[in-house]
Amino acid sequence: EKRAMETERQAAQAAADLAAEKRAMETLNRRLDQVPGMVFEFELDTTTGTTTFIYASAGCEALFEVKPEVMMAEEHDSSWTSQDHFDTPSRRTFAETPMVKALHPDDKAAFGASVAQSLESMSKWDWTGRIIVSGKVKTLQGQAVPEKNGESKVRWTGVLTDVSEQHRLQREALAVGAELRQLVDRA
């Protein structure tokens, strides 16, 4: 009887611990969903070339017009390889995730090179480039920190933010500056 009571107490404690953990995760997810942009965890298996978004916050809807569940779909594999887009000797595949599919064609190589450099040196990933979603061009800035996860996997934890407005203002400021230089030169 004493053993049965102890087992019941342990089961109740385990259930309470699980409920507390679930509440904590829900709170964390609500907070991450408030962060501008998309908070993510992305994993690459360097042996198989498969990639997975382990986590994507609700911000992926504003950036890519897809729900987090779509971004976090099962493992992805594609024909986008290091041979085509990475300046590394090994052949690695990269995901055909909504993110990669949205990359501006002129920015795919730089994106691939930035991921490859981060992978090879295990240094922070830092990239600014364009995506095209529903015919609209957006400029994103991404930063993430890589971490080895087992023998063959690397996981990046980071954020992607829409910096389109800042880039537009920067271009306008450069144009105004050029116009002022022309006026001064003519004077």
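We use all heavy atoms of the structure for the numbers below, so side chains are in, but hydrogens, waters and symmetry mates are not.
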Considering only heavy atoms from C-beta outward, does the side chain of Met99 approach that of Phe42 to under 4.5 Å?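 No, every pair of side-chain atoms sits at 4.5 Å or beyond.
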Looking at [atom1] of [X] and [atom2] of [Y], how far apart are the two atoms once the value is rounded to the nearest 0.5 Å?
{"X": "Tyr55", "Y": "Met38", "atom1": "OH", "atom2": "CE", "value": "10.0 Å"}
{"X": "Leu140", "Y": "His104", "atom1": "CG", "atom2": "NE2", "value": "12.0 Å"}
{"X": "Ser57", "Y": "Met72", "atom1": "OG", "atom2": "CE", "value": "9.0 Å"}
{"X": "Glu151", "Y": "Asp45", "atom1": "CD", "atom2": "CG", "value": "11.0 Å"}
{"X": "Thr48", "Y": "Lys153", "atom1": "OG1", "atom2": "NZ", "value": "7.5 Å"}
{"X": "Thr50", "Y": "Leu44", "atom1": "OG1", "atom2": "CG", "value": "7.5 Å"}

Please report the shortest heavy-atom distance between [X] and [Y], naming the atom on each side.
{"X": "Pro68", "Y": "Ala58", "answer": "CG-CA, 3.8 Å"}
{"X": "Met71", "Y": "Val66", "answer": "CE-CG2, 4.0 Å"}
{"X": "Phe40", "Y": "Val159", "answer": "CE2-N, 3.4 Å"}
{"X": "Ser118", "Y": "Pro146", "answer": "OG-CG, 3.7 Å"}

Only counting residues at least two apart or in another chain, list the ones meeting side-chain hydrogen bond (donor to acceptor under 3.5 Å, both in side chains) with Glu43.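 Counting only residues at least two positions away or on another chain, Glu43 forms a side-chain hydrogen bond (donor to acceptor under 3.5 Å, both in side chains) with Asn149, Arg155.
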Taking it one step at a time, do Leu63 and Asp162 satisfy side chain to side chain contact (heavy atoms under 4.5 Å, CB included)? CA-CA 7 Å; Leu63 297 180; Asp162 186 343; 3.7 Å; yes
Trp127 and Phe111 aromatic ring geometry - parallel, tilted or perpendicular at 30°/60° bounds: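 Plane angle over 60°, so perpendicular.
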Check against side chain to side chain contact (heavy atoms under 4.5 Å, CB included), Leu160 and Phe64: CA-CA 11 Å; Leu160 280 167; Phe64 300 100; 4.1 Å; yes
Got a sec: does the CD of Glu65 have more than 12 other heavy atoms crowding it under 6.0 Å?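 For Glu65, atom CD is crowded (more than 12 foreign heavy atoms under 6.0 Å).
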Determine, for Arg130 against Asp107, whether the closest basic-nitrogen to carboxylate-oxygen distance falls under 4.0 angstrom.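 Between Asp107 and Arg130 there is a salt bridge, with a charged N closer than 4.0 Å to a carboxylate O.
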Check against side chain to side chain contact (heavy atoms under 4.5 Å, CB included), Gln141 and Gln166: CA-CA 11 Å; Gln141 181 174 11; Gln166 292 91 324; over 6 Å; no
Verify same cluster id: Leu103, Val70 (apolar side-chain graph, 4.5 Å):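 Looking at the clustering, Val70 is in the same group as Leu103.
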Can you hop from Phe53 to Val133 via hydrophobic side chains spaced under 4.5 Å?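 Shared cluster, yes.
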Stepwise side chain to side chain contact (heavy atoms under 4.5 Å, CB included) check, Met122 with Val154: CA-CA 9 Å; Met122 289 303 292; Val154 176; 4.1 Å; yes
Any donor and acceptor pair, going by atom type alone, linking the side chain of Ser164 with main-chain N or O of Thr139 inside 3.5 Å?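 Yes; at least one donor-acceptor contact below 3.5 Å.
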